Participant: 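Below is the structure I would like to discuss, written out as structure tokens.
Please read these numbers as outputs of a predicted model, since none were measured by experiment.
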2 protein chains.
Amino acid sequence: MKVKVEKKILTANEEFAEKNRSIFIKNKILCLNMISSPGSGKTAILVRTIKQLKGKLGIGVIEGDVQTDLDARRISSARAPVVQINTRGGCHLSAEQVNLALKKLPLKKIGCVVIENVGNLVCPSVFELGEDAKIAVLSVAEGDEKAAKYPEIFIRAKVLLINKIDLFDAGAAIDFNIKRAEKHVRKLNRHIEIFPISARTGQGFANWCRWLLESSKK
Amino acid sequence: MKVKVEKKILTANEEFAEKNRSIFIKNKILCLNMISSPGSGKTAILVRTIKQLKGKLGIGVIEGDVQTDLDARRISSARAPVVQINTRGGCHLSAEQVNLALKKLPLKKIGCVVIENVGNLVCPSVFELGEDAKIAVLSVAEGDEKAAKYPEIFIRAKVLLINKIDLFDAGAAIDFNIKRAEKHVRKLNRHIEIFPISARTGQGFANWCRWLLESSKK
């Protein structure tokens, strides 16, 4: 019974994902689905990315949160169009929610839509939203074995951003070895692009923003 | 349809939670359900707690992970009885899984069972496992606004452990204000106990371990 219903939910979701895909193709928009644990720095990464690409790539954001519009306000202050979705307990965004949000974004004026999913390394991984690529984010404070323990998102992501590398420079005692993290991830996904970055200092953003520009369709 | 089935799943879960509660009462065992994002330091906290309370309170552990037995091995090396559950994609532990795991723990010899739930700040909050208390864990690297954004666990927890406070001493640039975090949490839950700790250095463990001893039933 449970399995059947889950299949139904997934199928309904896939239909909306397909609608979203058509919208992105029609408008030549690159769509990214950003997935990570709470507090890995997704919003901070977005704010710096938006600023760094101003004039080169217009980015619209769909903010998924269980509650509050704190993240949408941060995006808004970077002067990017943003739509907030509150899931009110829901642990992931659905393609239908994204479909509704897309109606509120100025699609003609932007080249990229980033969906910041609910902070959750497990559930959002298996719900397609119509995106071109999933972007996984991991902060160095979380430990370098996360890919082994939570494989689904690392199997599916095209890019992994390893954030907060400025913590190394601060001399904090951080048990995170970038080489070891990469090894865990590559075991699951040979072709994933990995960019170590710091949303605070901007380290590594040149490479990440180059990838974004090269992947955009406009 | 979806809502009905979710209700059924929750009810079946509640029946097993009730069975687990009876087991804990019969064996005078304090049961804690530890919930946090991936990488907040749940296992490291457990390892130090087990060592610090050796001879005073015997702790058995049920380790919930999507994949791997990495965490169970860490607990095992602290010489505590441990049972690993792999959810294979599942985003939370169920009371039935805990019920099966309990059969493998030496309940007569221990005074406390800690269930380390799957790293996920959203889904595990609403599935009762029969525990006496939920323990929320937040690392200072995750940001101090998490209670506002992910309220469910903070509403339900009896204790909040704010981990990795050693990062402050290291002089790392961490946007986390303990007073602000407490304010967000207390808005949802006036009676929650909050212990700032470091599993690395042991700071704050005296208070946390005192709470554990005072809450134990043996």
Participant: State, yes or no, whether a side-chain contact exists between N120(B) and C123(A) at a heavy-atom distance under 4.5 Å.
Facilitator: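 Yes - at least one pair of side-chain heavy atoms lies under 4.5 Å apart.
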
Participant: Which region of K146(B), side chain (C-beta onward) or backbone (N, CA, C, O), has a non-hydrogen atom less than 4.5 Å from a non-hydrogen atom of chain A, or is it both or neither?
Facilitator: side chain

Participant: State, with a plain yes or no, whether a side-chain heavy atom of K149(A) is found less than 4.5 Å away from one of L70(B).
Facilitator: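 Of all side-chain heavy-atom pairs linking L70(B) with K149(A), at least one is under 4.5 Å.
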
Participant: Which one of R200(A), E152(A), E142(A) has the most heavy-atom pairs closer than 4.5 Å to chain B?
Facilitator: R200(A)

Participant: Within a reach of under 6.0 Å around NZ of K51(B), are more than 12 heavy atoms found that belong to other residues, nucleotides or ligands?
Facilitator: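 Not buried by this count: 12 neighbours or fewer within 6.0 Å.
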
Participant: Please rank G143(B), S139(B), P151(B), G119(B) by heavy-atom pairs under 4.5 Å with chain A and give me the top one.
Facilitator: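 It is G119(B).
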
Participant: Identify which of S125(B), G89(B), S37(B) forms the greatest number of heavy-atom pairs closer than 4.5 Å to chain A.
Facilitator: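 Maximum pair count with chain A is reached by S37(B).
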
Participant: Determine yes or no for a side-chain-to-main-chain donor-acceptor pair under 3.5 angstrom, with Y150(B) supplying the side chain and D65(A) the backbone.
Facilitator: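 No.
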
Participant: For A141(B), is there any backbone N or O sitting under 3.5 Å from a side-chain donor or acceptor partner on K164(A)?
Facilitator: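 Yes.
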
Participant: Report, as yes or no, whether the 6.0 Å neighbourhood of atom NZ on K183(B) holds more than 12 heavy atoms from other residues, nucleotides or ligands.
Facilitator: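 For K183(B), atom NZ is not crowded (no more than 12 foreign heavy atoms under 6.0 Å).
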
Participant: Below 4.5 Å, heavy-atom pairs only: which of D175(B), D166(B), N86(B) has the largest tally toward chain A?
Facilitator: D175(B)

Participant: Heavy-atom pairs under 4.5 Å with chain B: which of S36(A), S40(A), A148(A) has the most?
Facilitator: A148(A)

Participant: Does any heavy atom of chain A fall under 4.5 Å from the side chain of V122(B), the backbone, both, or neither of them?
Facilitator: side chain

Participant: What part of I174(B) gets within 4.5 angstrom of chain A, counting heavy atoms only: side chain, backbone, both, or neither?
Facilitator: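 Its backbone and side chain both get close to chain A.
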
Participant: Could you grab the distance from atom CD of Q67(B) to atom CD of E145(A), nearest 0.5 Å is fine?
Facilitator: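 Output value for this atom pair is 13.5 Å.
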
Participant: Which answer fits D71(B), side chain, backbone, both or neither, if we ask what part of it has an atom under 4.5 Å from a heavy atom of chain A?
Facilitator: side chain

